[in-house]
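As structure tokens, the structure follows; a few thoughts come after it.
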Amino acid sequence: MFQVEKQDSKKINKKRKFVLSDRAYLVVRVFALLIAAGVLIYASYSLMGSYLDYKEDEMKYAQINNMFVQNTAQNEKKDSQKEQNMNYSQSLTTWVWDYKAMLQYNDEAKGYIKLNGTRIQYPIVEHDDNKFYLTRGSDKISNGAGAVFLDYRSAGLEGDMCILYGHNMLDGSMFAEIMDYRKPEFCKKHTTFDVYVGYKHYIYYVFSTFSAKSTDKNIYKFGFENQEDFRKWISRVAAKSSYKFPCRTPDTSDKFILCSTCVDDYGNRQLVCMYRGEEVVD
């Protein structure tokens with residue numbers, strides 16, 4: 001009798017263990033599902049926030065671009081037997097740089113950079129440190145896309161060589177298309193930039209594109225000791241190019257812009273180097 005009760009007690013305890021085990025599993029499962037749901041909600045919220053930031057940024061820079069779009073009237077004479085000496089006007093839309101308007105928008109504006117056929121058409125701004133415009137748009141308002149800005153340590157757009165930074169954004173904005181210079185076909189089609197320096201408009205010729213570490217002091221230079229040091233930098237940068245551009249070899253009489261954007265989180269950067277060519281009279 002005692003043996004039977006002992007066996008029954010073991011069976012009951014075993015059932016209790018199974019019940020407890022099932023309950024523990026259920027609790028863990030529910031807890032895991034709650035965590036997963038929380039992560040999903042947070043990720044969705046973050047993605048929605050990023051999307052809204054991208055759209056806000058896109059609208060902002062579109063509005064800046066529209067500051068310089070003007071309607072002009074072109075008078076022409078239509079020569080025909082039925083309409084002799086009749087003048088008519090045709091409305092045309094043109095992009096006209098207005099540095100005074102840009103300064104009213106942002107007093108730290110130094111110019112504008114455009115690459116035809118791409119989304120690269122942004123004001124060039126400069127602050128007294130490099131952190132400010134990393135997280136602010138060209139209107140100085142907080143924005144994850146940042147702005148295209150000059151390294152304050154370089155000589156500026158009128159110096160021998162200056163460095164422009166822009167984020168490599170996932171939506172293809174800012175300097176994301178600098179990454180396309182890894183493709184020969186893109187290089188072939190995009191050999192020049194339009195750069196507006198103050199009130200003036202220049203054509204800049206791309207002569208080199210390559211990847212480098214952000215810590216490479218032989219590339220990221222903030223002034224040159226002498227003309228020989230400058231010449232060596234030009235030769236070094238030109239020799240690194242992954243594509244042969246159809247332009248002359250620049251020298252120390254030229255002014256240079258180095259465009260830099262992030263490749264990854266390990267300090268690798270994609271660079272596009274260009275020199276100033278002719279001034280355009282708009």
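Positions are given from 1 along the sequence. Nothing here was measured: the structure is a model prediction, and the numbers come from that model.
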In this structure, is the centre-to-centre distance between the rings of Tyr205 and Phe245 below 6.0 Å?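 No; Tyr205 has its ring centre 6.0 Å or more from that of Phe245.
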Between Trp95 and Tyr196, is the ring centre distance below 6.0 Å? yes
Check each of Val272, Ile120, Asn168 against Phe175 using the side-chain contact (heavy atoms from CB on, under 4.5 Å) test, and report the only one that passes. Ile120
Consider side-chain contact (heavy atoms from CB on, under 4.5 Å). Of Cys259, Ser211, Cys262, which one does Gln270 pass it with? Ser211
Taking the inter-plane angle between the rings of [X] and [Y] on a 0 to 90° scale, is it parallel (under 30°), tilted (30 to 60°) or perpendicular (over 60°)?
X	Y	answer
His127	Tyr133	perpendicular
Tyr112	Trp97	tilted
Tyr165	Tyr220	parallel

Determine the minimum heavy-atom distance between Ile219 and Met161, stating which atoms define it.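 Scanning both residues completely, I find the closest heavy atoms to be O-CE, 4.2 Å.
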Decide side-chain contact (heavy atoms from CB on, under 4.5 Å) for Lys110 and Glu126; before the verdict, give the C-alpha distance in whole Å, the side-chain angles of both, and the deciding distance to 0.1 Å. CA-CA 7 Å; Lys110 303 301 178 183; Glu126 181 181 14; 3.5 Å; yes
Between the side chains of [Y] and [X], is the shortest nitrogen-to-carboxylate-oxygen separation below 4.0 Å, so that they form an ion pair?
X	Y	result
Lys221	Asp229	yes
Asp98	Lys100	no
Asp180	Lys189	no

Are Phe132 and Tyr152 close enough that some pair of their side-chain heavy atoms sits under 4.5 Å apart? no
Using modelled atom types and a 3.5 Å cut-off, is there a donor and acceptor pairing between side-chain atoms of Asp254 and backbone atoms of Asp251? yes
Does the Thr192 side chain pair with the main chain of Ile203, one donor and one acceptor, at a distance under 3.5 Å?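 No: the side chain of Thr192 does not pair with the backbone of Ile203.
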Listed once per pair and sorted, the side chain to side chain donor-acceptor pair (under 3.5 Å) pairs that draw on residues 230-242, sequence neighbours left out: Glu228-Arg231
Tell me whether the NZ or CZ atom of Arg276 lies within the 45° cone about the ring axis of Tyr204 and under 6.0 Å from its centre. no
